[in-house]
Amino acid sequence: MTVVGEIITEGLGRHFRLTTGGPRSLKESLLRRGRRTTRDLWAVRGVDLHIRPGETFGIVGHNGSGKSTLLKMLAGIFSPSEGRLAIGGRVGSLLEVGAGFHIEFTGAENVYLNAAIYGIPRAYVDEHLDEIIAFAELEEFAHMPVKTYSSGMYTRLGFAVSMHINPDVLLLDEVLAVGDEAFQRKCISRIFDYQASGGTLVFVSHDASAVERLCDRALLLDRGQPVALGATTDVLREYHRRMAAHGSAAVTVADVQAERAGPVRLGATTTAGGDGEVRQRFVEGESFTLEIEVIAAAEVRDATARLGLRDASGLVLARQVLANVDLEPGERRQFQLDLPMLPLHSGDFSFSLDVTAPNGEPLLAAERFAPFSVYSLDGVVDGVLRLGGALQAKTASTT
Amino acid sequence: MPTTIRRVSAVVSIEGRPTGLARVLGYRDLLVTLTRRELRAKYKGSLLGIAWSYLHPLLMMSVYVLVFSVLWRAVAIPNYPVFVLAGLAAWSIFQAGVYVGMISVLANGDLVKKIWFPRETLVISTVLAQAVAGIVTFAVVAPAGLIFANGTLPIALLAVPFLVVLTALTLGLALLLATANVFFRDVEHFIGVLFLPWFFLTPIFYSLESLPGAAAHPLVIDLLRYGNPVTPYVEALRGVLVHGVVPGPAALAYVFIVGPVLLVVGLTVLQRYEDRFALAL
Ligand SMILES: Nc1ncnc2c1ncn2[C@@H]1O[C@H](COP(=O)(O)OP(=O)(O)O)[C@@H](O)[C@H]1O
Ligand SMILES: [Mg+2]
């Protein structure tokens, strides 16, 4: 048996049978039995966990590695296909976008509904309603149906409710991915309070820095298999190693913008590692090559090309300038940037390229192309630049 | 002093998740919250509000009286308006309850996918809210039976347990169909179509005895009476309210056994398959 706040799983697994073509209808299943093709998938398998009361536990892994499925089993939404699962105490969950609201209910009604689902008496909600609504910053919208809410408002309310029902075990799935930064800070500080009060937290995120900050121990899932379990730094190091190895997976720099139309266009761009392999994921300090193709619609004489390296927020970290660029009409010209040692530590990055005529006229302004990610070797994710060198303690000297 | 939260042990202990009626009773607060909200939604935003509970059956009754009694002179049932009204009120508890209950799980898919709670509470709360609306109609039918027909007071009180078991029957069927509807999305359309012939096979604007062919086909009459689970309930309610007659032992046994049994079956089936709801939605 488990004590309050404890989670034990043994060989926990969830299997899905994927069937083509959406939910069945009665008619269809009577008329064309067995015509559908099915595919079997173990979304999670063989997870043995013992999470102690008061522990903060992280689950990391690529998209589709089974993090949400595991959390849904812990939350009781999916039943396990095999294995054992026991949780002690009240379980609060906030899964991906949306907290389990009735979309026709108002925000306040949903607070009552959620509380009733968790078995919390009305009187308790009566006392804390204002506080919950204020935390979610929804004072003006409390009496509007949640279907009119933005996804940020939705998540804020869900988070506010989950944090105020004082669960013994709290399950959070990518909740910090939405909402503005100020609210995220508030959530984190509320999570710290929850940790300090002795609550058990299971935290899923693909954002390694949040996991690093919050979690004592972590589990790495890879295609449903538990591949690393232990201290957060060790697990994250393994996570980064695997991320870097997966060259072809998509990176998180969003909205790669198409360049504005002009006399010069950007063609294909590639990023490659020292081995010449084209990929978007790199390890810090690795050798790196960027290739850019530029296509000129008209003749270009004496132009200046400025290549910028940007971080995820768009801030230019470094710039390289190439003067006296000449292009013939219709010409495709390759440019190459070679870095023997990538001076980046960790994060998501992209490039920008400006080409200007001698008179200052912009010929090309391309932003956020060739996105790539860099993973640190030590699993520590603070800082985008690779400082190099080493921090050392000098021999003690008495003055 | 602030309210403290009572510890609910293992809301989601998969190993020992409670089942059956015990689980439903453990979630009374949730049921009350959902039912209240359901009732408020039903009556809010409609100009006539609760008057709808009366207007609809009264309108239907007037049509049946006009067509079958006044114009066609097909029925010679005494106190025909009250007779029709009682039948309609019983039928609408059943039919409306089954319908809203059947679609309730699908309609709350968002909730089901994101959070765990006993899924039957969705069905039960919508059916209860619908039953409350139907019972409001009986608040008119009962006095009308006493004043205009042959209803007598102690016997009319039997309508209360009859309404309880009718609600159980409705719930049982709603739970079964709600489960089926999650997996086969056309169940609700199928049942929606079925309701019309079902209504005509239920003795609402006629009685089985008053049918001209009844004497020649006793087997068909028995089939219509006991093969259609609503019929004994309609007849029992109408018997005590309109005719002032207590149903015979066979009919009594039927109404008190079939409804509760179906409720237990419905609950068991839903709880058996609820794990797959979140996936199928
Ligand atoms: N309801 C479902 N039905 C079928 N397959 C599912 C379902 N939910 C998840 N999966 C599959 O299980 C795998 C794991 O998904 P998920 O747990 O959402 O991963 P993650 O949260 O790590 O991105 C994926 O391949 C996904 O397609
Ligand atoms: Mg996920």
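First the proteins, then the strands, lettered A, B, ... as listed; each starts at 1.
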Spacing of CD1 belonging to A:Ile117 relative to OG1 belonging to B:Thr33, to within rounding of 0.5 Å
9.0 Å
Does CG in B:Leu194 sit with more than 12 non-hydrogen atoms of other residues, nucleotides or ligands closer than 6.0 Å?
yes
More than 12 foreign heavy atoms under 6.0 Å from CZ of B:Arg36: is that the case here?
no
dist A:Asn114:CG -> B:Lys114:NZ (nearest 0.5 Å) comes out at 13.0 Å
Closest heavy-atom pair and its distance - B:Trp116, A:Ala75
CB-O, 3.4 Å
Identify the heavy atoms of A:Ile77 and B:Lys113 that sit nearest to each other, and give their distance.
CG2-O, 3.6 Å
Write down the atom of A:Tyr154, the atom of B:Asp110, and the distance for their closest heavy-atom approach.
OH-OD2, 3.9 Å
Crowding at CZ, B:Phe190 (>12 non-hydrogen neighbours, <6.0 Å):
no
Hey, could you give me each pair passing side chain to side chain donor-acceptor pair (under 3.5 Å) that has a residue in residues 124-133 of chain B? Not counting sequence neighbours.
B:Lys42-B:Gln130
Show every donor-acceptor pair shorter than 3.5 Å between a side-chain atom in residues 98-109 of chain B and any protein atom, with sequence neighbours excluded, or say none if there are none.
from	atom 1	to	atom 2	distance (Å)
B:Ser104	OG	B:Gly101	O	2.7
B:Asn108	OD1	A:His102	NE2	3.0
B:Asn108	ND2	B:Ser104	O	2.8

Cut-off 4.5 Å, heavy atoms of chain A, and the answer for B:Leu34 is side chain
Side chain to side chain contact (heavy atoms under 4.5 Å, CB included), paired with A:Tyr118, selected from B:Asp29, B:Ile115, B:Leu30
B:Ile115
Side chains of A:Glu109 and B:Arg40, heavy atoms from C-beta outward: is any pair under 4.5 Å?
yes
Looking at A:His143, I want to see if its NE2 is surrounded by more than 12 non-hydrogen atoms of other residues, nucleotides or ligands under 6.0 Å.
no
Turns out that what part of B:Val32 lies under 4.5 Å from chain A's heavy atoms comes down to neither
